[in-house]
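Have a look at the structure below, then the notes.
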Amino acid sequence: MKPPRPIRFFIRTFGCQMNESDSERASGLLLGAGGVPANGPEDADLVIVNTCAVREKSEEKLFSYLGRLAHLKKGKHVRIAVVGCVAQLRGWEILEKCPAVDYVFGPDNAAEIASLVERDSALKSVSTSWSEEWRETPPALIRRDSPASGFVTVMEGCDNFCAYCVVPYTRGREKYRPLPSVLDEVRDLARKGYREVQLLGQNVNSYRDPESGKPFAELLREVAAVDGPQWIRFLTSHPKNFRPEIAEAMAGIRKVCRELHLPLQSGSSAVLKKMKRDYTREDYLDIISRLRRLMPGIRLSTDIIVGFPGETDRDFEETLDILRTVRFGSLYSFRYSPRPLTAAAKLNDSVPREVKQRRLAEVQRLQKEIQLEDHRRLVGETMKVLCLGRGRKTPDLFSGRNEGNQVVNFRSAEDPTGRFVEVRITGFGPYSLVGEKAG
Ligand code: SAM
Ligand code: SF4
């Protein structure tokens with residue numbers, strides 16, 4: 001039986017852009033089924049928590065959040081659903097550990113969340129089945145958070161089984177979205193005035209259209225041929241699948257932003273081998289040289305894991321050395337965290353916590369220095385920025401990203417949200433630039 005008033009739902013998202021994009025889809029499906037968004041968990045009949053399982057810390061954060069949500073149930077009829085990667089990994093364990101949780105849905109069961117608007121079942125349930133097929137969400141149903149930059153998922157899952165990573169177990173094997181439906185979604189964004197498209201997947205470079213077999217470089221060309229969006233980005237790339245044709249396609253398509261997130265993980269070939277990354281330090285540096293030859297000025301970012309089992313001081317020094325050589329525009333750095341089911345979980349987690357912490361601090365100190373130096377050089381330059389709204393931490397300033405994907409906070413007399421603006425850089429911090437709208 002349908003409840004007498006619309007169900008108010010609230011979604012809290014942990015984790016990466018894939019999760020943000022999944023939450024946008026879930027939100028659209030809930031709206032389509034007659035739900036209405038709530039302002040916060042206190043105001044909701046249905047709280048959905050979209051989870052990340054990549055590190056132990058991500059799981060700890062989730063369980064502490066769920067603990068804080070439990071009070072919502074006192075004297076009120078509120079239902080709580082846990083969805084995404086931890087849901088897939090832990091299943092029934094979540095219901096045992098957190099009695100306040102009612103439902104658990106894996107990343108491939110997101111479409112079922114919409115049924116919660118119609119079905120007010122008191123029965124607890126766990127749904128973590130996989131489908132081999134691509135499950136389409138009609139673009140019109142996606143409720144996007146950004147007014148100017150739209151996520152478009154092109155593939156799901158991962159076949160790489162890097163030794164440290166739980167993603168292949170939480171998101172399953174790779175499956176690719178049919179190219180015509182990718183293009184439909186890009187056209188939908190174009191009609192709605194979106195200026196930027198971000199193609200998403202755990203390993204986008206291995207994309208193949210299931211029908212025609214067209215590879216990722218061709219996908220880039222066809223997406224770029226859609227009139228409207230002026231910037232195209234994609235995430236995440238894997239060095240072992242980053243074939244020369246992809247760099248050439250990027251260089252040949254002006255709409256593809258001159259930036260690339262290319263996770264390195266470690267600068268030591270010995271550690272990369274243990275991580276089962278399938279490339280060496282030299283392979284990685286070759287890709288960087290090719291990219292810079294084809295697109296001078298391209299801004300690169302990366303992911304680094306410190307303290308992988310067996311990582312020596314010398315291995316770590318090789319990581320610092322690559323950071324000094326490549327001078328990434330930004331990086332995400334993590335302490336190695338053993339994850340269930342992974343190959344590395346069977347190894348001795350040999351690097352002591354203090355050593356991991358010291359190495360992490362060292363990576364971050366060096367990177368901060370590099371970013372400050374690079375940002376200082378940008379003062380006085382005028383650059384094109386896509387305004388995404390007011391800054392979250394700086395509400396008196398507008399905030400956007402430049403082509404290199406750097407955050408630029410700026411002053412403007414009028415609200416340019418959703419548009420490209422020219423910004424003159426007047427200041428900087430280690431992680432963002434500050435400026436004024438020019439003209
Ligand atoms: N598919 C992407 C890739 O290959 O980079 C994203 C994977 S994961 C969501 C994002 C980052 O988390 C990885 O690049 C890696 O640096 C980090 N990561 C994954 N598993 C980890 C672990 N067990 N401990 C520490 N960091 C980890
Ligand atoms: Fe994890 Fe490696 Fe797949 Fe990235 S490529 S999701 S790090 S297994």
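All ligand and atom numbering here is 1-based and tracks the order in the structure.
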**Close approach, Arg335 and ligand 1, non-hydrogen under 4.0 angstrom** = yes

**Request:** Indicate yes or no: does an N/O atom of Ser237 lie under 3.5 Å from an N/O atom of ligand 1?
**Result:** no

**Message:** Tell me the contacting part of Gln202 for ligand 1: side chain, backbone, both, or neither, using a 4.0 Å heavy-atom threshold, strictly below.
**Reply:** both

**Prompt:** If you look only at pairs with a residue in residues 86-98, which of them pass as a side chain to side chain donor-acceptor pair (under 3.5 Å), with sequence neighbours excluded?
**Reply:** Glu59-Arg90

**Prompt:** Does even one non-hydrogen atom of Arg277 get within less than 4.0 Å of ligand 1?
**Reply:** yes

**Message:** Asn160 and side chain to side chain donor-acceptor pair (under 3.5 Å): which single residue from Lys240, Lys276, Gln202 fits?
**Reply:** Lys240

**Message:** Holding to ring-ring contact (aromatic ring centres under 6.0 Å, His included), I want the full list of residues that pass it with Phe316, two or more places apart in sequence or in another chain.
**Reply:** none

**Pick from Met18, Lys240, Arg55: the one approaching atom 17 (C) of ligand 1 most closely through a non-hydrogen atom** = Arg55

**Request:** Only pairs at least two apart or in different chains count here, so list each side chain to side chain donor-acceptor pair (under 3.5 Å) that has a residue in residues 242-257.
**Result:** Arg254-Glu403

**Prompt:** N/O to N/O below 3.5 Å, does that happen between Arg339 and ligand 1?
**Reply:** no

**Prompt:** Looking at ligand 1, does any of its N/O atoms fall within less than 3.5 Å of an N/O of Tyr164?
**Reply:** yes

**Message:** Starting from atom 7 (S) of ligand 2, what is the nearest protein heavy atom, named by residue and atom, and what distance separates them?
**Reply:** Tyr164 OH, 3.4 Å

**Asked** Under 2.8 Å from atom 2 (Fe) of ligand 2, which protein atoms of type N, O or S occur, listed by chain and number?
**Response** Cys162 SG

